[in-house]
Amino acid sequence: MTGGSDFNSPIIDLHEDISLYYFLGGYGLRFRPEDFDLDMEGRHGDIPKFKRANVKVVFSSIAHIIPSQNLSRLKQQVSGYGVKVGAMRIRSPTMITLEHIKTYYNLVSRYRRDLAVLLTKEDLRRVEEVNKIWFLIAIEGAEPLEDFEDVELYYMLGVRSLQLTWNFDNKYAATCMSKRDYGLTGDGVELIERCNELGVIVDLAHASKKSTIEALEVSKLPAIVSHANASAVHHHVRNLDDEELDALKKNGGVIGITMIQPTIGPLADVKRVADHVMYIVENFGVELVAIGTDFFGLLHVEEPRGLEDITKLGNLWSELEGRGLSRQDIERIAYKNAFRVIEANAANWRATTFS
Ligand SMILES: [Zn+2]
């Protein structure tokens, strides 16, 4: 049972920076890195908490960023989030990404009884019957791809989702923090087409408005915006406005409602998070909404009150039930909508890309 509800819906969490937590030694978080099978006080998630919360799949993100004293990056990120989150920058993204991928495989080999990497259509069929937490490996920002064709290499290493940008402009797309929103580039178009062929789920979190709209026009498979909220409820550079939500709905994708306090609004708590869910449900339909907590990405940022870690999501389910959503609707938000998007992309997953 999780939080305040006796409804223990299965969960797919569309965004968690678990490898970043180990990689940066807990940088910015109030808890130090410890074994993942410990039910560690104050930690946002670990094997016991994911199990209690009934989490089935975690999009295990690779945030290939490093702490920096770079002043322009600090300024950009303070202006973007409205709070000091610490400056981060990108160096040697390819090498750092490989290390993150190894971190996920190392965790899985260490805790084989409880963890697995989601790689095949067969794995996806077994998600519900096997009592494991499945990592779906996802890259946060396409900088590690020196060429769009490199997505095939990462696919072969187990990557099944790719976010076009983090908070920096890159050769594929403009970021939500861009000073000049140039949208999707030619290489960006090629990259999305290649992702679709491989069934690598396109993720538009952190992308600019133009990049988002253009990418949703190009992608023939449902995409995700793995961790963001609604601009109409709280205006924030990371959130989606109605035009973007409409484009995502037409694409058949989902938005993962996120726990990043500056995107939720002032006095962020479970009610404010529910406001974002209800706005999208009422204006665009329940099939558009999923969950992408980003708990491990909350560097220097407080969690919303009532949603301090993954086991508290039950408080959100109770709040949503109180606002008239059925348990079927909540299960769609918690699990089924995201599963639908994974399944549509997984139809293109092949054992080897050369067969
Ligand atoms: Zn992020």
Side-chain angles (χ1 to χ4, degrees), residues 12-24 27-29 44-45 58-68 73 76-90 93 96-97 100 104 135-144 159 161-170 172-178 201-209 211-212 215 223-231 234 236-240 244 248 253-264 268 273 276 290-304 307 310 338:
I12 295 177
D13 189 343
L14 291 177
H15 192 84
E16 280 285 27
D17 298 320
I18 298 166
S19 59
L20 184 73
Y21 155 67
Y22 281 111
F23 201 77
L24 297 182
Y27 169 86
L29 295 169
H44 294 133
V58 181
F59 278 52
S60 301
S61 172
I62 293 169
H64 43 74
I65 44 176
I66 54 168
S68 166
R73 293 308 182 199
Q76 175 204 27
Q77 283 151 60
V78 167
S79 70
Y81 286 103
V83 291
K84 187 176 181 301
V85 291
M88 306 295 273
R89 66 160 302 147
I90 292 178
I96 291 178
T97 294
H100 279 265
Y104 284 121
F135 284 166
L136 188 148
I137 302 177
I139 297 180
E140 182 159 26
E143 286 85 353
V159 172
S161 180
L162 175 68
Q163 196 176 298
L164 293 188
T165 69
W166 190 61
N167 291 332
F168 307 127
D169 285 336
N170 65 33
Y172 304 104
T175 171
C176 65
M177 293 191 192
S178 183
I201 302 163
V202 173
D203 186 352
L204 300 166
H206 292 261
S208 71
K209 176 169 179 174
S211 304
T212 301
I224 60 174
V225 178
S226 61
H227 54 305
N229 289 318
S231 282
H234 179 66
H236 188 278
V237 69
R238 286 270 293 97
N239 288 346
L240 298 194
E244 290 169 287
L248 188 59
V254 288
I255 171 174
I257 293 296
T258 193
M259 306 303 153
I260 309 164
Q261 184 266 326
T263 71
I264 296 165
V273 174
H276 287 270
I291 298 290
T293 64
D294 201 12
F295 274 124
F296 280 97
L298 300 184
L299 310 175
H300 308 286
V301 173
E302 294 280 316
E303 308 88 5
L307 290 165
I310 193 76

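Each ligand, and each atom within it, is numbered from 1 in the order the structure gives.
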Visitor: Just do the side chain to side chain donor-acceptor pair (under 3.5 Å) check on D17 and S61 with the steps written out, would you?
Guide: CA-CA 5 Å; D17 298 320; S61 172; 3.1 Å; yes
Visitor: Tell me whether S226 contacts the main-chain N or O of G256 through its side chain, where contact means a donor paired with an acceptor under 3.5 Å.
Guide: no
Visitor: With T263, which of T258, N229, D294 fulfils side chain to side chain donor-acceptor pair (under 3.5 Å)?
Guide: N229
Visitor: With the Zn ion (ligand 1) as the centre, enumerate protein N/O/S atoms below 2.8 Å in chain and residue order.
Guide: E140 OE2, H206 NE2, H227 NE2
Visitor: Who pairs with H227 by ring-ring contact (aromatic ring centres under 6.0 Å, His included), at least two apart in sequence or on another chain?
Guide: H15, H206
Visitor: For A230, does its backbone N or O pair with a side-chain atom of H276 as donor and acceptor, under 3.5 Å?
Guide: yes
Visitor: In terms of ring plane angle, is the pair H44 and F296 parallel, tilted or perpendicular, where the classes change at 30° and 60°?
Guide: perpendicular
